[in-house]
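We're numbering straight along the sequence, starting at 1. In this text the structure is predicted, and so the values were computed from the model without any measurement. Start at 1 and go down the list; that is how both ligands and their atoms are numbered.
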Amino acid sequence: MSLTERLAGDRRALLTGLGAAVAACVLVPALLPAYWVYLAITAVVSAVIMQSYGVIVGRVGVMSLCQMSFASIGAWVVLRLNVADAPGGFLVWLVLGGLAAVPVGVAIGLPALRIRGVNLAVVTFGFAVSADIVLNANQMPGMAELKTLERPALFEEDGAYFVLVVVVFTVIALGLALLNRTRLGMSWTELRHSERAAAAHGVSVARSKLAAFAISAFVAGVGGGLMAGQLGLVVPGNFAMMQSLALFAVAIMIGPHNPEGAVMGGIFGAVMATILEKLDLPQDLGGMLFGVGAVFALRSGVSQTDFTRSRKRERAARAFLKEHQATAADRPAEPEAPVAPATVATGEPALTVSGLTVRYGRVTALDGVDLTVPRGAVVGLIGPNGAGKSTFIAAVTGFVGGYRGGVALAGTPLDRLSPSARATRGLRRTFQTTTIAPELTQYEYLTIGAGRSLSTEEADELLDFFGCPPGRLPVSLVDAGARRLLDVAAAVAARPAVALLDEPAAGQSAAESLALGRRLAQVPARYGVSVLLVEHDMDLVQAACSEVTVLDFGHVIASGPTGEVLADPTVMAAYLGTADMPVA
Ligand SMILES: Nc1ncnc2c1ncn2[C@@H]1O[C@H](COP(=O)(O)OP(=O)(O)OP(=O)(O)O)[C@@H](O)[C@H]1O
């Protein structure tokens, strides 16, 4: 589906947002008294800074507590350029202020590649404290000589400046909306839910996170510059670390990655201070109230705007389902398939694993395992619980480092590569536990998996083939069994050389499992993807696999054509402790 097609779906929301921005630009300066116009500017400037929280906290789920420090860099640069009477004027300085915050954002993002959660929050808070100390020890530019910032002639009056900040907010909102439609934006949503799943889709976790830090620092820097433009002169207190904390709490509570959330957050930030002042209450009370709201949001696991949006999306999806009578019973008929696996194996190895040994402390999970997946084949990897099957997939795809042995794709060694690099070179995997971001539609998830733009026809064909529900359904409405199928479809969508599937039929009925086996048998010929299949369901294995390798306690105990291996008494004994296992 093309970008334009998908954007068309959001046209109404876009028009509503633009309409609200135009209405605010006309009505606020015309109708409100000067004090309220000033307050409205504060709200929109806060909303811009909220947008920076939207990227890093809302979208990527990183606990950054130093966004106001990035804003202070933007303000400092704008004020410094004003003092120096630098060419370009306010609007150019604003962009330069945002850009100046970028390298600092990337530098703060570097620890995020190794640490996460509360530890990362402590690092970012440490930066906020340091920035606070530096700012308090030094005056902001213009303070000593009392040289206030010159606004552009057109925006000198507060009413006109309000229009300018609304325009800046809208441009950033549009830019971020477009970005969210790209693979980078979608990868942020996936990162928030599972870094492992993102890496398995070929997303570079490091690059994605650093890009988020850079963009959020840029937006915060622009927000800081706008604040300088509003106030003329700023004091370090405008960017105090407590402000960062309070806005972080608002961000968690409201979800500023949605434009309406950024606006609401900005209004909260601006109005709360005024209300507390009028009521003669301490300003710290606002921070406390935001903190309580954030705790509730963290407990429910979803921000206010995400909750409202997901309810709306699900209502629309249910109506769509009803209209098309696309219930589970209407899943596409299982494709015609021969009972014996359809193989186009050429004999050339797609994946060669030699002498793979993995140790977890004193446990040897894999001990010198050799396995080859020929091009065009579906190879089964079976064995009792704890035999080492998942460890095999994890090591081959780079998720377990420090193994001994070699992994090569079409003869090219992959051993030094990260999981995402292996994925981009053509090795995709699924996990035993699916972790698909529920707010994505199935189309969006397929796009992330494919790593490229998919046409609606191609996406529908994949979804139909694997028996998934209609593509525009949000994942939150898809049951666990169908999510596994979606995971398989996403792995195949990338057209990798080899897809390694870890128990894709878990949660399926016996009939669905068999149907999946028949579909998998057709995957090499239909999509040009060879498959390594880990499964416990022997009917599925027989339907899908031309060859099978059996692991037991980390050793290969049998390998060869499926029928022969499953009839092997050693294999039956390993499975059941008896040679009586029936093999159809
Ligand atoms: N992270 C880990 N740390 C320590 N030991 C582990 C770890 N992961 C797996 N193991 C051990 O390695 C061995 C192989 O486990 P693995 O999960 O690969 O088996 P499996 O064949 O996939 O089992 P199942 O069919 O139950 O998924 C088991 O003894 C398991 O306890």
Side-chain angles (χ1 to χ4, degrees), residues 114 116-117 194-197 199-200 351 353-373 378-407 414-415 418-419 422 427-435 480-481 483-485 487-488 491 498-508 510 513 516-517 520 531-542 544-545 547-559 562 565-566 568 570-578 581:
R114 293 247 165 244
R116 32 191 71 80
S194 167
E195 289 187 12
R196 275 161 33 106
L351 175 68
V353 179
S354 41
L356 190 65
T357 301
V358 176
R359 291 201 175 86
Y360 296 114
R362 294 171 66 181
V363 176
T364 302
L366 294 173
D367 195 1
V369 173
D370 296 324
L371 190 150
T372 299
V373 178
V378 180
V379 173
L381 181 62
I382 63 171
N385 291 112
K389 305 179 294 295
S390 295
T391 300
F392 181 88
I393 290 189
V396 167
T397 50
F399 285 86
V400 171
Y403 59 76
R404 292 223 316 267
V407 177
L414 300 181
D415 303 298
S418 66
R422 293 183 196 209
L427 204 54
R428 291 297 173 110
R429 67 164 297 180
T430 64
F431 293 89
Q432 256 184 43
T433 317
T434 49
T435 40
R483 283 186 200 195
R484 286 180 165 277
L485 299 178
D487 239 355
V488 176
V498 182
L500 298 95
L501 310 178
D502 200 348
E503 298 189 25
Q508 312 273 349
S513 186
L516 176 62
L520 289 176
V531 176
L532 179 85
L533 173 68
V534 165
E535 256 303 333
H536 285 291
D537 182 333
M538 288 307 130
D539 289 337
L540 188 159
V541 170
Q542 287 185 80
C545 305
E547 293 172 32
V548 168
T549 293
V550 188
L551 283 182
D552 195 19
F553 292 114
H555 294 271
V556 175
I557 58 166
S559 187
T562 308
V565 169
L566 294 187
D568 184 336
T570 324
V571 174
M572 287 191 255
Y575 252 99
L576 299 177
T578 163
M581 182 176 127

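Legend: residues meeting side chain to side chain donor-acceptor pair (under 3.5 Å) with Thr397, ordered by chain and number and at least two apart, are absent. Remark: Ser354 engages no residue in a side chain to side chain donor-acceptor pair (under 3.5 Å) (not counting sequence neighbours). With sequence neighbours left out, the side chain to side chain donor-acceptor pair (under 3.5 Å) criterion links Asp552 to no other residue.
In summary, the side chains of Ser513 and Asp537 do present a donor paired with an acceptor at a separation below 3.5 Å, with no hydrogens or angles considered. Between the side chains of Tyr403 and Thr391, no donor-acceptor pair is found at a separation under 3.5 Å.
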Under 3.5 Å: N or O atoms of ligand 1 paired with protein N or O:
unit_1	atom_1	unit_2	atom_2	d
ligand 1	18 (O)	Thr391	N	2.9
ligand 1	18 (O)	Thr391	OG1	2.5
ligand 1	19 (O)	Gly388	N	3.2
ligand 1	21 (O)	Ala387	N	3.1
ligand 1	21 (O)	Gly388	N	2.9
ligand 1	21 (O)	Lys389	N	2.9
ligand 1	21 (O)	Lys389	NZ	2.8
ligand 1	22 (O)	Ser390	N	2.8
ligand 1	22 (O)	Ser390	OG	3.0
ligand 1	23 (O)	Gly386	N	2.8
ligand 1	25 (O)	Asn385	ND2	3.3
ligand 1	25 (O)	Lys389	NZ	2.8
ligand 1	25 (O)	His536	NE2	3.0
ligand 1	26 (O)	Asn385	ND2	2.9
ligand 1	27 (O)	Gln432	NE2	2.9

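Looking at every heavy atom in both residues, Ala197 comes nearest to Phe431 through CA-CE1, 3.8 Å.
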